[in-house]
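Structure first, commentary second.
Atoms considered below: every heavy atom in the structure, side chains included; atoms not considered: hydrogens, waters and symmetry mates. It should be emphasised that the depicted structure is a prediction, and the values quoted were computed from it without experimental measurement. Each chain gets a letter, A, B and so on, in the order the sequences are listed, and its residues count up from 1.
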Protein chains: 2
Amino acid sequence: MEKGTTPITRESGALHATAFLRLDSSGNVLRSPCELCTARDYSVCRHITGKDFEQLFPHGPHVQIRKAGTTIFLQGEPFGSVFIVQNGWLLVHKLFEDGRRQIIRFVLPGDLIGFEGNEVEGMSYSAEAITDVALCGIRYSLFFKTCAASPQLAMNFATTVTREALAAWNHVGALGQQRAQGRVANLLLDLHHRVVARCGTEPAAIQLPINQIHIASATGLTSVHVCRTLKQMRQVGLLEFRKGQLVLLDTERLAEIAQLDPAVPLDGLQKMN
Amino acid sequence: MEKGTTPITRESGALHATAFLRLDSSGNVLRSPCELCTARDYSVCRHITGKDFEQLFPHGPHVQIRKAGTTIFLQGEPFGSVFIVQNGWLLVHKLFEDGRRQIIRFVLPGDLIGFEGNEVEGMSYSAEAITDVALCGIRYSLFFKTCAASPQLAMNFATTVTREALAAWNHVGALGQQRAQGRVANLLLDLHHRVVARCGTEPAAIQLPINQIHIASATGLTSVHVCRTLKQMRQVGLLEFRKGQLVLLDTERLAEIAQLDPAVPLDGLQKMN
DNA sequence: CGTTTGGTTGACACGGGTCAAAAGGGGTGG
DNA sequence: CCACCCCTTTTGACCCGTGTCAACCAAACG
């Protein structure tokens, strides 16, 4: 996480800010620093707000630290706690019989995790810490009770989940209709946006704690093919990605490949293997 | 929609009932007929409950009818109304530049539709009526206000959205890790469950108002290949699907193919082209 | 140092896409 | 009743993107 020095006004920040814009009585956007992550403006954060946070933990937050690689919950387990991530990255994935896995989403500081299931069937997915993480947990029963007593918290929860659903639907679109470059572009752009929204500046390079294997299981490709795809994208000057360091070189074109239709050859981009 | 005559106790019903189970003061499950669809027991329905419904429409529901094929909203449009589907099927899809589309989800009676976007960016997806539909709409602003005043409604909304997110993540898993048979099995089993949950009995054949082209754009395959895949599945006795009439012949094996790992050859199922 | 883990590359196989054509309805108008 | 059209399903031939397998390399690590 990097510290911000200027207020966030770029669209990359606004992308995720939308759902948390708060208006004061005269209709102006309320801005205040976030208590949960380092963002200067909590409207850019992707999480239940600091106020909700106080409500959930009236006697102060109960933070727990987990080492990188730790399993937070396993699919099939009983429905337990909801966590707010204070620090570090996690991933949620679905495990298959033969050991393959589909990464469902990456979870960044400020995000909520642990609602991936229900009381009857238990957790539908597993979660794992990618880096060391600091989690702020609350029993689901208490969380639910607190929500039921506070429409504001309940609506913030609903908004958070809606945002996750939108992200998931986007993911469905990418996996269903796009080829390797499009899927990778989608993922990296999304992560880039989410990371940049947390720093005040737009750094040339950002650090992602993931490797090609992560990219592979998130995009439904093999790591071998992710390697080839990244090579292509590097060669045509789209981006750099080495040791988790990501540099977007041609954001325009990347956005085209990600949002529009990458299956139609974009004049000479393809075929450079 | 068919009328139920017996209380729903099968697991196929229970699958979707989980989130709406209500307990009375002594912890027993509350059961009552649903005012929205024909289910005998509203705990099996996938929608905001009848009580919420009254809250949303204190002067009676404002039902509107739309013809099959009608667009309900288009991606990019301003964020408008939330609808509860009373009758008929809809689909939500993402449109791509070249006319291809990814079906994000099918929407059945009792489901909520219209929250696929936010106030700032507008709708992220388009929705279209597959059959003639009856929709019960409410302006998003009013819906939001009502939710903010009622934690119960807000939580039911959150629960509804959570269920959609879980379905979406499942969809991601299928598109990312499964081959044609697995994707088709996933889709058809899901639709079968949802339809059967609405009738009291388990009919041998159910009617789906979709064709192979729908299946194709929901699974990320071409309609040509869906045809081939259905042929394979028919030939090995997994299911029948003709003119929208679906018969599951080997639910066990279908569930294996759908839930477990269909990329690993299941002794002799594959290769029958 | 050897060991492990992740990245890179090449050869080859195969699932599914693409293109094209034909076969079946179902509807409509003559 | 037939002719015609439109739309969906079906089938075949062929191609290409991606998976698979295997080898090798570089960096990190004990």
Side-chain angles (χ1 to χ4, degrees), chain A residues 68-69 96 98-103 130-131 174-185 208-235 239-246 257 261-266 269-273, chain B residues 68-69 96 98-102 130 174-185 208-235 239-246 257 261-266 269-273:
Chain A
F96 289 83
D98 64 348
R100 269 186 319 160
R101 62 181 191 176
Q102 174 66 40
I103 293 183
I130 301 180
T131 65
L175 295 188
Q177 301 296 334
Q178 308 198 165
R179 330 219 127 271
Q181 284 203 7
R183 300 188 194 181
V184 171
L208 308 178
I210 62 171
N211 58 32
Q212 296 186 0
I213 300 174
H214 289 118
I215 297 178
S217 42
T219 53
L221 304 166
T222 57
S223 64
V224 173
H225 201 249
V226 166
C227 179
R228 286 193 272 248
T229 304
L230 285 173
K231 185 187 173 190
Q232 283 175 35
M233 299 176 86
R234 220 183 298 128
Q235 283 177 340
L239 52 78
E240 290 282 334
F241 181 75
R242 245 192 292 275
K243 296 181 210 294
Q245 185 170 276
L246 174 67
I257 295 178
D261 185 24
V264 170
L266 302 197
L269 264 189
Q270 268 69 0
K271 306 290 177 52
M272 304 212 56
N273 196 12
Chain B
F96 289 82
D98 63 349
R100 269 185 320 160
R101 63 179 190 176
Q102 173 67 38
I130 300 180
L175 294 188
Q177 300 296 334
Q178 308 198 164
R179 330 218 125 271
Q181 285 204 6
R183 299 188 194 181
V184 171
L208 309 178
I210 62 172
N211 57 31
Q212 296 185 2
I213 300 174
H214 289 118
I215 297 179
S217 43
T219 53
L221 305 166
T222 58
S223 63
V224 173
H225 201 249
V226 166
C227 179
R228 286 193 270 248
T229 304
L230 285 174
K231 184 187 174 192
Q232 283 175 36
M233 299 176 85
R234 220 182 300 128
Q235 284 178 339
L239 52 78
E240 290 283 334
F241 181 75
R242 245 190 292 276
K243 299 181 209 293
Q245 183 170 277
L246 174 67
I257 294 178
D261 184 24
V264 170
L266 303 198
L269 266 190
Q270 267 71 1
K271 304 295 176 50
M272 305 213 57
N273 197 11

> Counting only side-chain N and O atoms of A:K243, is one of them less than 4.0 Å from OP1 or OP2 of D:dA27?
Replying inline: no

> Choosing from D:dT8, D:dT11, D:dT20, which nucleotide comes nearest the side chain of A:T222?
Replying inline: D:dT20

> Just to confirm, is there a sub-4.0 Å distance from OP1 or OP2 of C:dT8 to any side-chain nitrogen or oxygen of A:R242?
Replying inline: no

>> Rounded to whole Å, please give me the gap between CD1 in A:I215 and P in C:dG6.
In response: 13 Å

> Which pair of heavy atoms, one from B:V226 and one from B:A216, lies closest together, and at what distance?
Replying inline: CG2-CA, 3.5 Å

> Taking atom P of C:dC14 as reference, at what distance in whole Å does atom CG of B:L221 sit?
Replying inline: 20 Å

> Would you call A:R228 and A:H225 a side-chain contact if the rule is heavy atoms closer than 4.5 Å?
Replying inline: yes

>> What is the distance, to the nearest angstrom, from the CD atom on B:Q181 to the P atom on C:dG15?
In response: 11 Å

> How far apart are the closest heavy atoms of A:R101 and A:F96, and which atoms are they?
Replying inline: CA-CD1, 4.3 Å

>> Of the listed nucleotides (C:dG17, C:dT8, D:dT8), which one gets closest to any side-chain atom of B:I213?
In response: D:dT8

> How many Å lie between CG on B:N211 and C1' on C:dG24, as a whole number?
Replying inline: 15 Å

> What is the distance from CD1 of A:I210 to P of C:dG7, rounded to the nearest Å?
Replying inline: 10 Å

> In whole Å, what is the span from the CD atom of A:Q232 to the P atom of C:dG10?
Replying inline: 13 Å

>> Do A:Q102 and A:L175 make a side-chain contact, defined as non-hydrogen atoms from C-beta onward lying under 4.5 Å apart?
In response: yes

>> Classify B:L230 by what it touches in the nucleic acid, base, sugar-phosphate, or nothing, heavy-atom distance under 4.0 Å.
In response: nothing

> At under 4.0 Å, does any side-chain N or O of A:K231 touch on OP1 or OP2 of C:dT9?
Replying inline: yes

> Relative to the 5' end of DNA chain D, which residue comes earlier, B:Q212 or A:G220, by the nucleotide with the nearest heavy atom?
Replying inline: B:Q212

>> Heavy atoms from C-beta onward define the side chain here; which of D:dC21, D:dG19, D:dT11 lies closest to that of A:V224?
In response: D:dC21

>> Do A:R183 and A:T229 have side chains that approach each other closer than 4.5 Å (heavy atoms only, starting at C-beta)?
In response: no

>> What is the distance, to the nearest angstrom, from the CZ atom on B:R179 to the C1' atom on C:dG16?
In response: 9 Å

> Taking N and O atoms by type only, does the side chain of A:R228 place a donor or acceptor under 3.5 Å from a partner on the base of D:dT20?
Replying inline: yes

> Separation of B:E240 atom CD from D:dT9 atom C1', in whole Å?
Replying inline: 15 Å

